[in-house]
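Everything quoted here is computed from the prediction, not taken from an experiment.
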Amino acid sequence: MYPQLAIEAAAHSDVGRRRSHNEDSFAALPCLGLFMVADGLGGNAGGEVASRMAIEVVKSCFDVNEDLEDTWPYGTGSAHDRDEVRLVLSVRRANRAIYEASQRRDEVRGMATTFAGVLLGGGMAYIAHVGDSRVYRMREGKLERLTRDHSLLEEMLDDDDGAREAVEALSELASVVTRALGCDKSVEIESRVEATKPGDLFLVCSDGLWGPVPEARIEGVLGRHRDLGLAASLLVDIANEHGGPDNVTCVLARLGGG
């Protein structure tokens, strides 16, 4: 394990203006360097249950009381390798737990959730995601998206750069998630590793934020407000001012030294 990093964090979540309950779950854990958002799918089928399970299962895999060697047989790798592997495998474990619970319990059959998470440690950021929850990095005043949505729109754009207008015209279909935790026994988890710099600010959020709020507006709020608690609250308020079409959750984490 790395020495504990100096990380400032804040998070805020809200039901939004059009939903009756909040199916988003999140965790901001500076002591572990772990920051996550899960956006439940399935409504009455248990989206809230699925998102909560995703966060709890992944967190449990980083519990300091858990024997790493028993759970993750990668003792010969470097610390960096082991952190990357552990994050991806923890999300895989969450997928399996959600799927198995869905098969056992009729009241939550078909439940699923998106997931986006960042693990900060040792000069690196390890990112894993499934679905359309996103991870952004704010560095030197510039906001950059570090994840690619697993949605019909993104997949069609990968196939045909000229498809955006046609797909966006079918707005209900464009936002359909093509990958989520709990839909099947296995899932393809997208991951990446980024070198970090002091002062880097990471935003993990559900589509209830990035959907109604333009990225330029998000960048402006993060650039103007040093207080992360205030920034998180303002971002949620702005999403609601733009109609609050969905549950909205944002988690912020800033590395010290910048």
Same cluster for [X] and [Y] if Ile/Leu/Val/Met/Phe/Trp/Tyr side chains link at under 4.5 Å?
X    : Y    : value
I55  : M111 : yes
L146 : V37  : yes
V118 : L255 : yes
V57  : V88  : no
L143 : V236 : yes

R179 vs V187, side-chain contact (heavy atoms from CB on, under 4.5 Å): CA-CA, chis, key distance, verdict: CA-CA 7 Å; R179 202 183 304 178; V187 65; 3.7 Å; yes
L203 vs L209, side-chain contact (heavy atoms from CB on, under 4.5 Å): CA-CA, chis, key distance, verdict: CA-CA 11 Å; L203 163 66; L209 177 62; 4.2 Å; yes
Taking all atoms of both residues into account, what is the closest heavy-atom pair of [X] and [Y], and its distance?
X    : Y    : answer
S133 : T114 : OG-OG1, 2.7 Å
R92  : I189 : N-CD1, 3.5 Å
E188 : V130 : O-CG2, 4.0 Å
N95  : A180 : OD1-O, 4.0 Å
A231 : V221 : O-CG1, 4.0 Å
G208 : A239 : O-CB, 3.6 Å

Indicate yes or no: at least one non-hydrogen side-chain atom of [X] is less than 4.5 angstrom from one of [Y].
X    : Y    : answer
D149 : R134 : yes
W210 : D132 : yes
K59  : L29  : yes

Backbone N or O of [Y] within a donor-acceptor pair of the [X] side chain at under 3.5 Å?
X    : Y    : value
N247 : V15  : yes
S90  : R86  : yes
N240 : D237 : no
D227 : G229 : yes
T196 : G123 : yes

How long is the straight-line distance from [atom2] of [Y] back to [atom1] of [X], given to the nearest 0.5 Å?
X    : Y    : atom1 : atom2 : value
I7   : F35  : CD1   : CZ    : 4.5 Å
L222 : L234 : CG    : CG    : 10.0 Å
H225 : L230 : NE2   : CG    : 5.5 Å
R139 : L201 : CZ    : CG    : 11.5 Å
I238 : I218 : CD1   : CD1   : 8.5 Å
R93  : R96  : CZ    : CZ    : 7.0 Å

N22 and S13 side chains, donor-acceptor separation under 3.5 Å: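 Side-chain D/A pair, S13 to N22: present.
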Between D24 and T249, a side-chain donor and acceptor under 3.5 Å: yes
With H12 via ring-ring contact (aromatic ring centres under 6.0 Å, His included) - residues at least two apart: none
Ionic contact status for D106 with R109, cut-off 4.0 Å: yes
Under-4.0 Å salt bridge between D246 and R18: no
I98 vs F115, side-chain contact (heavy atoms from CB on, under 4.5 Å): CA-CA, chis, key distance, verdict: CA-CA 12 Å; I98 296 166; F115 176 87; over 6 Å; no
Derivation and outcome, side-chain contact (heavy atoms from CB on, under 4.5 Å), residues K185 and Q103: CA-CA 10 Å; K185 290 181 180 179; Q103 297 303 300; over 6 Å; no
With E194 via salt bridge (charged side-chain N to carboxylate O under 4.0 Å, His left out) - residues at least two apart: R137, R192
D39 and its side chain to side chain contact (heavy atoms under 4.5 Å, CB included) partner, picked from S25, C205, S51, S206: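 Result for side chain to side chain contact (heavy atoms under 4.5 Å, CB included) with D39: S206.
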